[in-house]
Amino acid sequence: MKYQSRRPAIILLADGTIFHGKSVGNKEGTSFGEVCFNTGMTGYQEIFTDPSYFGQLMVTTNAHIGNYGATDVETESDGVKISGLICRNFSYTYSRQDAQESLEEFLETHNLFAISDVDTRALVSYIRDNGAMNAVISTNVDNIDTLKKQLSEVPSMNGLELASKVSTKEPYYFGDESAPVKIAALDIGIKRNILRNLAKRGAYIKVFPYDTSYAAMKLWEADGYFLSNGPGDPEPLENAIQVAKDIISNDHPLFGICLGHQVIALANGISTYKMHNGHRGINHPIKNLVTGKGEITSQNHGFAINREETEANADVEITHVHLNDNTVAGIRLKNKNCFSVQYHPEASPGPNDATYLFDQFIDNIKKVTV
């Protein structure tokens, strides 16, 4: 082992429960966030750089993390977005030929504090039973009272607006300028692979900051509009909700993923709520109620839309449901060119069962532009 004696570390949960581990790389550190877990067997680099995970302490249920290193092509944003990593076995060496560096080097570059040697099975079981909550990971194991006080001051994810923390500051373009379809995307935490999936289907995308108005987006004269994934509670996103209302009222083609899906629901008078522990992994079963087919999907969300209110809304149809808990996983508007899903059809890495949704969006655009 590269580090024979590593610093003792703890995970202190908001309810006072403590789990023990050791620092990765024999480093001192302390990091706060909402503790959650992801059940994916691969894709740790994509998870760490996904803007939807901003402000969260990530527990990986796969026992081995770092064994295939890191590479530039597997980042979903401009840097690491989680606030800390918790794992069982951390691999300081890697075996993949295409990797550019070890995961330890990647974490050092992005200044991410991580702890390993944790009983992640026990920790995940505890989160499942007691729900996602704020926590702190630290090597400051002799000052529990100080950590408790600091942890009590960390705001809850419920009611927390985080899109402004991860959104682009200036508009930018993605794809081929000569592409036949133009899409205006509101960045409330967008992943690069979403842009790649749209671009390879003949779209040229202009990505706008989270606080851009509909009037400003409309000046680009896009053929369709997209509301991205992202972190935090959707309810404080007043501008994004108004943008969705304006797009829908003008009946432009609109597609929303994850946080964008929740924003579209809120724009239609459907409330959202914080889930007990959320859905995070690349193996979540979905049923498409339109086709009757099942889909294995990649998911990452801690909020969901209210099913009773969705069913009671005469203008909205539920198109997809999560088979584990029957939460709403997709909707469409009956009289408008708008649909959304709670999961990630771009799924990198992960299943490709839902990539047809990008084709559906492009088809919706072409129906009104051709």
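Residues take their numbers from the sequence shown, with the count starting at 1.
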Distance (rounded to the nearest 0.5 Å) between T139 OG1 and R6 CZ: 13.0 Å
Distance in Å, D211 CG paired with K169 NZ, rounded so as to fall on 0.5 Å steps: 8.5 Å
Donor + acceptor pair across side chains of R96, T71 (<3.5 Å): no
Gap between atom CG of L266 and atom OG1 of T272 - 0.5 Å precision: 4.5 Å
Nearest heavy atoms of S271 and E309, plus distance in Å: N-OE1, 2.7 Å
Same apolar cluster: F113 and F32, side chain cutoff 4.5 Å: no
Euclidean distance, M217 CE relative to K206 NZ, rounded to 0.5 Å: 9.5 Å
Any donor-acceptor pair under 3.5 Å from N268 side chain to D315 backbone: no
Geometric class of the F255/F339 ring pair [parallel <30°, tilted 30-60°, perpendicular >60°]: parallel
Donor-acceptor contact present, side-chain T355 to main-chain P345, <3.5 Å: no
Heavy-atom donor-acceptor pair, H276 side chain to D129 backbone, under 3.5 Å: yes
Within 6.0 Å of CD in Q360, more than 12 heavy atoms from elsewhere: yes
Heavy-atom pair of closest approach, residues F54 and M157: O-CE, 4.2 Å
A63 backbone acceptor or donor facing N89 side chain under 3.5 Å: yes
Heavy atoms from other residues, nucleotides or ligands near CG of N326 exceed 12 (cutoff 6.0 Å): yes
Taking every non-hydrogen atom, the tightest pair across A132 and V35: CB-O, 3.6 Å
Value rounded to 0.5 Å, distance of OG1 in T61 from CZ in R280: 12.5 Å
Atom pair NE2/CD of H301 and Q262 - distance to nearest 0.5 Å: 7.5 Å
Distance-minimising heavy-atom pair for P231 and V166: CD-CG2, 3.7 Å
Under-4.0 Å salt bridge between R201 and D359: yes
Short side-chain to backbone donor-acceptor contact, S31 and I137, under 3.5 Å: no
R7 and E28 ion-paired at < 4.0 Å: yes
With Y273, the side chain to side chain contact (heavy atoms under 4.5 Å, CB included) member among N158, D233, T327, I305: T327
Any side-chain donor near an acceptor of the partner, T369 and D223, under 3.5 Å: no
Same cluster (ILVMFWY, side-chain, under 4.5 Å), L195 and V181: yes
Distance-minimising heavy-atom pair for A179 and A203: CB-C, 3.8 Å
Side chains of Q299 and T297, donor plus acceptor under 3.5 Å: yes
Test item: Y68 side-chain N/O and G43 main-chain N/O as donor-acceptor pair under 3.5 Å: yes
Within 6.0 angstrom of E153 CD, more than 12 heavy atoms from elsewhere: yes
Whether W220 and Y173 hold their rings parallel, tilted or perpendicular, with breakpoints at 30° and 60°: tilted
Ion pair E317/K334, N-O distance below 4.0 Å: no
Minimal non-hydrogen separation, I248 against K336, with atom names: O-CD, 3.4 Å
Residues E46, K191: salt bridge by 4.0 Å N-O rule: no
N239 side chain vs Y210 backbone, donor-acceptor pair below 3.5 Å: yes
side-chain hydrogen bond (donor to acceptor under 3.5 Å, both in side chains) assessment of Y44 paired with T60: CA-CA 8 Å; Y44 52 73; T60 51; over 6 Å; no
D246 and K218 ion-paired at < 4.0 Å: no
Side chain S167, main chain A163, donor-acceptor under 3.5 Å: no
Y356 and N288 side chains, donor-acceptor separation under 3.5 Å: yes
Within 6.0 angstrom of K287 NZ, more than 12 heavy atoms from elsewhere: no
Non-hydrogen side-chain atoms of D325 and H279 separated by less than 4.5 Å: yes
CE/M133: more than 12 non-hydrogen atoms of other groups inside 6.0 Å: yes
Test item: N197 side-chain N/O and N193 main-chain N/O as donor-acceptor pair under 3.5 Å: yes
H344 and D50: side chain donor to acceptor below 3.5 Å: no
Short side-chain to backbone donor-acceptor contact, Y92 and G25, under 3.5 Å: yes
Side-chain H-bond candidate by donor/acceptor type, E76 with Q45, under 3.5 Å: no
